[in-house]
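Note sheet for the following structure.
Given the structure is predicted, the values throughout are model-derived calculations rather than measurements. Throughout, a chain's letter reflects where its sequence line sits, starting with A, and its residues are numbered from 1.
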Amino acid sequence: MDSLRIRQSFHGFFEGAGHRRVPSASLIPPGDATLLFTNAGMVPFKDAFLGSEAPPAPRCVSVQRCVRAGGKHNDLDRVGFTRRHHTFFEMMGNFSFGDYFKKEAIAFAWEYLTKTVGLSPSVLWVTVFTDDDEAAALWKSVAGVDPSRIVRLGEKDNFWQMGNTGPCGPCSEILVDQGPAFSCGRPTCAVGCDCDRYLEIWNLVFMQYDRNDAGVLTRLPRPSIDTGMGLERLASVLQGAESNFETDLFLPLMEAIGKNTRIPYGRGKGEKDFAYRVIADHVRASTFLVWEGLVPSNEGRGYVLRRFIRRAMQFSLDLGLPTPFLPDLSRRFSELMASPYPELSAGMDRVVSVLASEEERFMKTLETGLPLVQELAQAAKKRGEAVLSGEELFWLYDTHGIPVDVVMDWAAPLGVTLDTEGFTARMGEQKEQGRRSWTGGRPTFPVPASRLSAPVLFEGYERLESSGRLLLLVSGDREIPSAREGEEIWAVTDVSPFYPEGGGQVGDRGRLVAPGGAVEISGAYRPYPGWIALRGTVTTGTVSSGETVRLEVDRSLRAGARVHHTATHLLHAALRKVLGAHVRQAGSLVLPDRLRFDFSHGEPISESKLREIEATVNLWIGEGAPVGVSEKSKAEALSGGAMAFFGEKYGDRVRVVEIPGMSVELCGGTHAGSTSEIGSFFILSESGVAAGTRRIEAVAGASATRTAIEWREELLRIREELKVPSGRILDRISADRSERESLERELASHKSRLFDLETETLLADSFEAGGLRILVADIECRDLADLRLRMDILKGRIPKGAVILAGRSGGDRVLLLGWASSDLEKRFPVNVWVRTMAQTLGGRGGGRPLWAEGGGSPPPSWPDFLREIRSAMRDAAENAQGGS
RNA sequence: GGGGGGUUAGCUCAGUUGGGAGAGCGUCAGGAUCGCACCCUGAAGGUCAGGGGUUCAAAUCCCCUACCCUCCA
C-alpha cells in the first residue's frame, strides 16, 4: 500500500466513523512561544483540549505534518543513522473532544489496522499503563487481543501529559512484531526494548485527568482521546521495508540524489547510506518550513532551519554531490507531495530561491574557512605540533561556522590532525553557558487560563467605549481584591472595547473608570486565547474587583492604528503588484503613528520601484474604496482568494478584510471604513532585515501629514539659509561646492608658495652642531597637516640633522612635530626632545626616533623657551659626536 | 537570551606596541592601438558604522548603540 493510499484510507476510515476531516495546520504553531514547531498531531488542538477554545467538531481526524528538532527532544544528530528518526514526518491521528473514549478508540484503531490495512493480529502487541485495568480489559473484550500480548509499562512509556499542569492521562500503544531478524539479539529483547523488533506504530492517549499546580490529579468530567500514528512507520510496515527510508516516501528522493553521485544508495546496506538519509530527511523538512514562510537565520526557528540546510550540505560533500543540489531535490520532493499537498506547488519558486541562496551562503562560508584552516595548520606545524587544538577548532566553528567534519577533510592533506576531544569539551561549555543564560522565555501571566470561565467579549470593532464588570485584578505575581492610587496592575473585564496586541497591531490605550477611581491603561494584551488583559496604573482613588467600570479607548491613537493597518494591507497588495506574487508577509507592526512591514523578497528595491509602490498605494487611497469586513468559513475565504499566512489555526470562522479590487486578507485587526480615510502614504525607508527578507517603514494619515509638514519646514529653512527661490536649491548647492573646491585649490597653491618662502627664513634660524643641522622654531599654524607640509619641505633641504616645529594655533594649544634624518635613529632620537619639550609645556608627546609628535600649552616666553631648547640640543649633538 | 568575529573608497580588502588613511578592481581623463582585452600616465572618490571616553595625539585602546556573519539556548 503506497503512502497516498494510506493517507486516504485513514481519512476515509474515520470520516466513515463520524469524524470531521481537518487539513494539516501550519508547522509553525500560532501564538505559542513555548513550542518551536508543530511536533505532534494534537498541537493544533491544544487549546481545544485545554478548554479555552471550541474544537472544530466533537470528533476529528487529521494527517498533520510535523517537525521535531531543537528543544527538549533533539534527535537531530540521530537522523540518518537510525531506521526511524526524522526531522519531518506526518502524524495520522483521530481525536475525540469529550465525545467517545477508550472503548471506541481501541475499537477504531484495531479495526483500521486489522481490517482496513490488513495487518495480521498475529503480529500485533499492545501496551497499557501499569494500573490501567480498564484499557487492558477493553483490548481483550473489544479487540479480542490475547492477554499474553497485553503488556503493562510504567509512567515513562505509557503516561502522557502536555505540560506540568493540565490534561493528562495513561496511554496505550500498538506494536508490530517485525520478527527476529529485526531484533537486537539480546536475550531480554521483548516489548519495550529499544530495538526495531517490536515497533511502536500507534499511540492512543486517554486524556482523563487534570493535573493542578500541586500535582494532584482530578478526573475530567468529559475525557478525551488523542492518538498518533507515524505515516512513515506504517508505510514501512505495510511495504515490508527494512526502514522508513525504504518506502515510496523516500526512495524517489534517494534516486534523485543517486543520479548525481558516484556512490549509489545501497538500500540501507551501503557505506554512505546515512548521508543519503540525512539529505533526504532534511530536504523534506526544509522545503516545508521555507514554504511556510520561514527563512534561515541565526536565531530561533530560523536557526533550526539553517541547521537542516547546512547539515544536508555537509553530508552532500561526503557523496561528492555537485552544488547546488538543494533546488532540484526540493522540487522533486514537492512533486512527490503534490497529491496530498496541492498547495505546495504555488510557493515552490520562492522555496527554491531561498534554499539556493542559503546554499550559496554556506559555500561562501566554507570558502572563507579554507584559508583560515591553512593558516592555522601552518602555524601549528611551525610550532612543531601538527595538531589543531580544540580551542582552534571551536573558534573555526563558533566564529566562522566551519563544521569540524569539514575541517577534518581539509586537514589530512595539510598534514595536521585534529584534537576533536578538546573541541567537544569546549562545545559542551558553550552549551552549558547557553542553558544557564536561558531565562525561560517571556514572562507568563500570573494567573492560570482556567481562572476565567468564559472568554472576554471583544466589542472594539463596533465601539470605543463601553462598560463591563471588573473580573480580576493582578498586581505583581498575584491576584488582589482591589488596587489603590499609584499601583501598577493588570485588569480583566468581562467585556472590552480594547484591542489586544496581535496580528502586528499594537494594543489600545485609554482609561478605565470605576465608581471610586480610575486607571490609565497603557496597553492591552492577550495572555491566553480569548483573554484581554489591560495593563495600567491607578491614577486616582481605588478600584475593586467586581465593580462595574467604564472602559474608554483613546480615540486618536486607535484612529491612527486603523489607518496604518489598512495602509499595511494596501502596501502588501501594492508590493505584490509591483514586485510579483512571491512577496509574502514575514512580519508586521502597526502603531498609531507608523507602520513596519517585513516581507519576502530577495534583493534591495530600487528607488523607482519604491516610488511606484508608494504611488500605487496613494492611487488606491484616492479611489476611496470601502473596506469590507465579514465573517466566513475558512474554506470560503480561501477560495475567494484571501491571503493566508502561517500562524493561523483551525478556527472555523475567520474574519476577512476585503478592499474590492485591491486586497483580501484574513485579519483580526481594526480598519478604516474607506481607503480615503488614510489620506496619504509615504514610504520612509527600505532595508534588509535578514537574507531574503526586506523591510519597509511608512507613515499614513495624520502622521503622513505631519511628516510632509516637517519636510516642508526643513526645505523652507534650507531655502532661507541659502537665500535662493525654490527650485534653485540644487543649482545653488552645486555652484557653492565648485566654488569651494576652486578656493581650496587656490589656498593650497598659496600655502605651498608661502611655505617655500618661509623655509628660507626658518633655515636662517637653524644652526650646526656636531655635524648636524638643527632647527627649532615656532610658527603660526592651524593644524598638524600644515606642520607636516612645512616639514616635508624642510626635510628636502636638510640632508643630515633634525627639525622640531612648534605650531601656535593662536589658542591655548601648541602642536609639536619632530623629524630626524634617517641615520640619526640611535645618535639623536628626536622623540626624546619632543617629549622633553612637551613636558616643559605641561603636555606630553612622543613617537618614533625619526618622527614624533606632541602638544602642550604656550610657554610664558617663546624666545626664552626656544633658547633653552636650542642650547640643550646643541650640547647633546656635540657630546653625542664626541662620544661616538 | 548568552558567546565569538566583523563594519576602512563604488566593489574586494590591507593597515603590526596609538604618531602623515592605503592596495587591487571598477569609474573618469589622457596616451598607446586599425580596433578590443591588455598596457602606460594621471585624476576623482573616505563622517575609517554611529555616539561617548582615555590621550598632546585614536581607523588603532576602553564603554555604549546599530547593523552583518557565526555558534549555542
message: Rounding to an integer number of Å, can you tell me how far A:I402 CD1 sits from B:G5 P?
response: 16 Å

- prompt: Among B:G20, B:C71, B:A73, which nucleotide sits nearest the side chain of A:D792?
  reply: B:G20

- prompt: Under 4.0 angstrom, heavy atoms only, what part of the nucleic acid is A:K795 near: base, sugar-phosphate, or nothing?
  reply: base

- prompt: Short question: side chain of A:K381, backbone of A:L414 - any donor-acceptor pair under 3.5 Å?
  reply: yes

- request: Could you measure between the two C1' atoms, the one in B:C67 and the one in B:A58, and give it in whole Å?
  value: 23 Å

message: Looking at B:G4 and A:W395: do their rings stack (centroid distance under 5.5 Å, interplanar angle under 30°)?
response: no

message: Could you check whether A:R426 pairs with A:E429 (Lys NZ or Arg NE/NH1/NH2 to Asp/Glu carboxylate O, under 4.0 Å)?
response: yes

- prompt: Applying a 3.5 Å limit to both distances, which nucleotide forms a Watson-Crick or G-U wobble pair with B:U17?
  reply: none

message: If I pick the P atom on B:A21 and the same atom on B:C25, what distance separates them, to the nearest angstrom?
response: 24 Å

message: Can you tell me which nucleotide in B:G4, B:U70, B:C71 comes closest to the side chain of A:N298?
response: B:U70

query: What nucleic acid atoms does A:R426 come within less than 4.0 Å of, heavy atoms only: base, sugar-phosphate, or nothing?
result: nothing

P-based separation of B:C64 from B:G26 [nearest Å]: 42 Å

Nucleotide paired to B:G24 in any strand shown, Watson-Crick or G-U, under 3.5 Å: B:C11

Are any protein N/O atoms closer than 3.5 Å to N/O atoms in nucleotides 54-56 of chain B? If there are, list each pair with its distance.
| unit_1 | atom_1 | unit_2 | atom_2 | d |
| --- | --- | --- | --- | --- |
| B:C56 | N1 | A:R844 | O | 2.7 |
| B:C56 | N3 | A:R844 | O | 3.4 |

field: Pairing partner (Watson-Crick or G-U wobble, both distances under 3.5 angstrom) of B:G45
entry: none

message: Which residues pass the ring-ring contact (aromatic ring centres under 6.0 Å, His included) test with A:W395, not counting sequence neighbours?
response: A:H400

message: Which is more 5' along RNA chain B, the nucleotide nearest A:L396 or the one nearest A:L816? Just name the residue.
response: A:L816

- prompt: When rounded to the nearest 0.5 angstrom, what is the spacing between OH in A:Y397 and CZ in A:F423?
  reply: 6.5 Å

statement: A:W851 has its side chain closest, among B:G4, B:U70, B:G19, to B:G19

message: Measuring only the P atom in each nucleotide, how far is B:A43 from B:G24? A whole number of Å is fine.
response: 13 Å

- request: Determine the Euclidean distance between corresponding C1' atoms of B:G15 and B:U8; express it in Å to zero decimal places.
  value: 9 Å

message: Please give the distance between the C1' atoms of B:G51 and B:A66 as a whole number of Å.
response: 11 Å

message: Just to be sure I understand the rule, does A:M427 reach a base, reach only the sugar-phosphate, or reach nothing, if contact means heavy atoms closer than 4.0 Å?
response: sugar-phosphate

- prompt: So with a 6.0 Å cut-off around CD of A:E360, is the heavy-atom count from everything else above 12?
  reply: no

Between B:G19 (P) and A:R788 (CZ): distance, integer Å: 11 Å

query: P atom, B:A44 versus B:A49: distance in rounded Å?
result: 23 Å

- prompt: Across all strands, who's sitting opposite B:G1 as a Watson-Crick or G-U wobble pair, both distances under 3.5 Å?
  reply: B:C72

statement: Applying side-chain contact (heavy atoms from CB on, under 4.5 Å) to A:D778 and not counting sequence neighbours gives A:A806, A:R808, A:W862, A:L866

statement: Considering only heavy side-chain atoms of A:Q433, the closest of B:G19, B:G3, B:G5 is B:G3

Short side-chain N/O contact from A:R848 to OP1 or OP2 of B:U17, under 4.0 Å: no

- request: Calculate the interatomic distance between A:E360 atom CD and B:C69 atom P; express it in whole Å.
  value: 14 Å

